[in-house]
Amino acid sequence: METDDVPDGAPTAETAARVREVITAAGVSQREFARRVVMDPSKLSRSLSGTRRFTAAELARIADEGRVDVGRLLGARPREKATAPAVGVEGGRPLQIVRETVRLIAEHGFHAVRVADIARACATSSAAIHYHFPGRAELLEAAVRWCMDEDTARRAALIAEADDAAAELRQLVALQTPRTAQQRRQWAVWLDLWAEAARSTAVGRLHSEYYRQWRETVADVVRRGVAQGVFRAGTDPQAAALTLTALIDGLATHVLSVSGPSADRAADAMHTALTAHITHTILAPRP
C-alpha cells in the first residue's frame, strides 16, 4: 500500500515548487527526472500538481539527485553546505542501490534478496537503504521500474537507428535474444516477475502493464511495416505481436535453462527460429 505522507508541517504546494526548481536546474524533462529518481512518472506529476503528497523517501531521492539538502525541499533553513551523496557514483546513490538490487535479483531470485544483502553489496548500512526506500517492497518495485525504463530506452534507441519497419523488428529480436551477460541478467529478472504477475501483486501488476506496452511496441512496428509495404498486406498487428512475443518468451526461457557453450548455441537457435518466423509469416514475399 502506498503511503503519501511527508513529515508533519511540510507544505505541499511549497515543496512541489521547490521540487520543480530542482527539475529545472537538472535540465531534463519531468519524465527523465522521474526515471533518475526511480519514481512513477504519474506519481511525480500528481505530486507536482498538488493532488498527491511526496513521500519522505521520494524527497530524499530527489534531494540526492539534485544535490540539495532535503531540508531545503521542506522549507527548512539551508545548511552552510549541501549534503553530498555518501558514495559518488553515476546517477547518485539511489540508482546504485537499485542497480545492485537488480543484480542480486538476477543472481538469487526475487524473494531471496534481503535489504541486508543489498546494503552489503553497496558497502553501506540497512538504515542508509531505508532512507531512500523505506520498505523492501518499495525497493523491489523501484528495481522493476528501473529495469523497465532501461529496456524501453534501449528499444527506442535501436528503433531510431533502423531504416524501415523490417529493420526495426530485426533489431527488437536481437535485443531480446539473451546473448550477453547483461541480457541474461535482465531475462532472469523477468522470469521472476512473471511469477509475481501470476500472483497479482503490486510488482506483478507493474510488470503486466510493461508487457502490455512491449506488445504494443511490436504491434506498432508491424503496423508501420504493413503501411510501408515491407510486411504482408492484411497482417493483424495485434495478433502478430502476441505470437512473436510469446515465441520470444518461450525460446528465451529455454536459453536461460542452459549455460556455457550450450547457451550460446541455444541463443543462435533462438535467433534463427525468430528470424524464420518473421520471414515466413510477416515479411512481404519478394517479387
Side-chain angles (χ1 to χ4, degrees), residues 1-7 34-40 43-44 54-65 70 83-152 178 180-211 249 252-253 255-257 259 263:
M1 181 180 296
E2 177 184 319
T3 302
D4 286 346
D5 292 335
V6 293
R35 187 193 71 81
R36 292 186 180 186
V37 298
V38 204
M39 185 176 176
D40 183 340
K43 289 183 179 180
L44 176 59
F54 286 105
T55 67
E58 288 167 354
L59 290 175
R61 300 201 297 273
I62 290 167
D64 192 271
E65 175 63 27
V70 71
T83 303
V87 179
V89 297
E90 180 185 356
R93 184 152 189 82
L95 280 185
Q96 183 207 20
I97 294 170
V98 169
R99 288 179 182 127
E100 288 300 318
T101 301
V102 170
R103 181 182 66 79
L104 290 170
I105 290 173
E107 292 178 358
H108 305 292
F110 195 79
H111 290 284
V113 178
R114 302 173 304 161
V115 171
D117 300 324
I118 299 165
R120 191 178 306 111
C122 294
T124 189
S125 65
S126 294
I129 303 294
H130 286 305
Y131 176 71
H132 293 293
F133 303 97
R136 179 179 179 275
E138 184 179 358
L139 175 54
L140 294 178
E141 181 176 337
V144 174
R145 187 171 297 284
W146 182 80
C147 281
M148 289 164 47
D149 288 343
E150 290 293 297
D151 195 47
T152 300
T180 68
Q182 179 183 2
Q183 287 172 318
R184 290 181 67 87
R185 279 195 298 271
Q186 188 89 343
W187 267 105
V189 173
W190 294 142
L191 290 180
D192 261 15
L193 293 182
W194 282 336
E196 290 300 301
R199 299 185 184 97
S200 299
T201 62
V203 170
R205 287 191 294 272
L206 183 63
H207 180 256
S208 296
E209 172 59 19
Y210 164 78
Y211 231 79
D249 294 342
T253 302
V255 175
L256 263 68
S257 69
S259 59

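We count residues from 1, following the sequence as given.
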J.: Name all residues meeting the side chain to side chain donor-acceptor pair (under 3.5 Å) criterion together with His108; count only those two or more places apart in sequence or in a different chain, and write none if there are none.
T.: none
J.: Could you please spell out the steps behind the side-chain contact (heavy atoms from CB on, under 4.5 Å) verdict for Thr152 and Tyr210?
T.: CA-CA 9 Å; Thr152 300; Tyr210 164 78; 3.9 Å; yes
J.: Go through the steps for Phe133 and Arg61 under the test side-chain contact (heavy atoms from CB on, under 4.5 Å), then give the verdict.
T.: CA-CA 9 Å; Phe133 303 97; Arg61 300 201 297 273; 3.5 Å; yes
J.: Between Ala119 and Ser126, which heavy-atom pair has the shortest distance, and what is it?
T.: CB-N, 3.7 Å
J.: Out of curiosity, Asp64 CG to Tyr131 OH, how far, rounded to the nearest 0.5 Å?
T.: 8.0 Å
J.: Is there side-chain contact between Pro178 and Leu256, with at least one heavy-atom pair below 4.5 Å?
T.: yes
J.: Do Ile97 and His132 have side chains that approach each other closer than 4.5 Å (heavy atoms only, starting at C-beta)?
T.: yes
J.: Grab the two heavy atoms, one from Ala143 and one from Thr101, that are nearest each other, plus how far apart they are.
T.: CB-CG2, 3.8 Å
J.: Considering residues at least two apart in sequence or located in another chain, which fulfil the side-chain contact (heavy atoms from CB on, under 4.5 Å) criterion with Val113?
T.: Leu104, Ile105, Ile118
J.: Taking all heavy atoms of Gly135 and all of His130, pick out the closest pair and write down the distance.
T.: N-ND1, 4.3 Å
J.: Scan the side chains in residues 181-192 for donor-acceptor partners under 3.5 Å anywhere in the protein, sequence neighbours excluded, and list what turns up.
T.:
{"from": "Gln183", "atom 1": "OE1", "to": "Arg179", "atom 2": "N", "distance (Å)": "3.0"}
{"from": "Gln183", "atom 1": "OE1", "to": "Thr180", "atom 2": "N", "distance (Å)": "3.0"}
{"from": "Gln183", "atom 1": "OE1", "to": "Thr180", "atom 2": "OG1", "distance (Å)": "3.4"}
{"from": "Gln183", "atom 1": "NE2", "to": "Ala174", "atom 2": "O", "distance (Å)": "3.4"}
{"from": "Gln183", "atom 1": "NE2", "to": "Leu175", "atom 2": "O", "distance (Å)": "3.0"}
{"from": "Gln183", "atom 1": "NE2", "to": "Thr177", "atom 2": "O", "distance (Å)": "3.3"}
{"from": "Arg184", "atom 1": "NH2", "to": "Val258", "atom 2": "O", "distance (Å)": "3.0"}
{"from": "Gln186", "atom 1": "NE2", "to": "Cys147", "atom 2": "O", "distance (Å)": "3.3"}
{"from": "Trp187", "atom 1": "NE1", "to": "Gln176", "atom 2": "O", "distance (Å)": "2.9"}
{"from": "Asp192", "atom 1": "OD2", "to": "Phe110", "atom 2": "N", "distance (Å)": "2.3"}

J.: Arg136: which residues meet the salt bridge (charged side-chain N to carboxylate O under 4.0 Å, His left out) condition with it, sequence neighbours left out?
T.: none
J.: Roughly how far apart are Arg35 CZ and Asp40 CG, rounded to 0.5 Å?
T.: 14.5 Å
J.: Got a sec, which residues hit side-chain contact (heavy atoms from CB on, under 4.5 Å) with Ser259, two or more places apart in sequence or on another chain?
T.: none
J.: Using a 4.5 Å cut-off on heavy atoms from C-beta on, say whether the side chain of Met148 contacts that of Leu206.
T.: yes
J.: If you measure only the distance, is there a donor-acceptor pair under 3.5 Å linking the side chains of Gln96 and Arg93?
T.: yes
J.: Determine, for Arg205 against Glu209, whether the closest basic-nitrogen to carboxylate-oxygen distance falls under 4.0 angstrom.
T.: no
J.: Tell me, please, which residues at least two apart from Asp249 pass salt bridge (charged side-chain N to carboxylate O under 4.0 Å, His left out).
T.: none
J.: Looking at Glu138 and Lys43, is any side-chain nitrogen of the basic one under 4.0 Å from a carboxylate oxygen of the acidic one?
T.: no
J.: In plain terms, say whether Arg120 and Asp117 are close enough for a salt bridge, that is, a side-chain N and a carboxylate O under 4.0 Å apart.
T.: yes
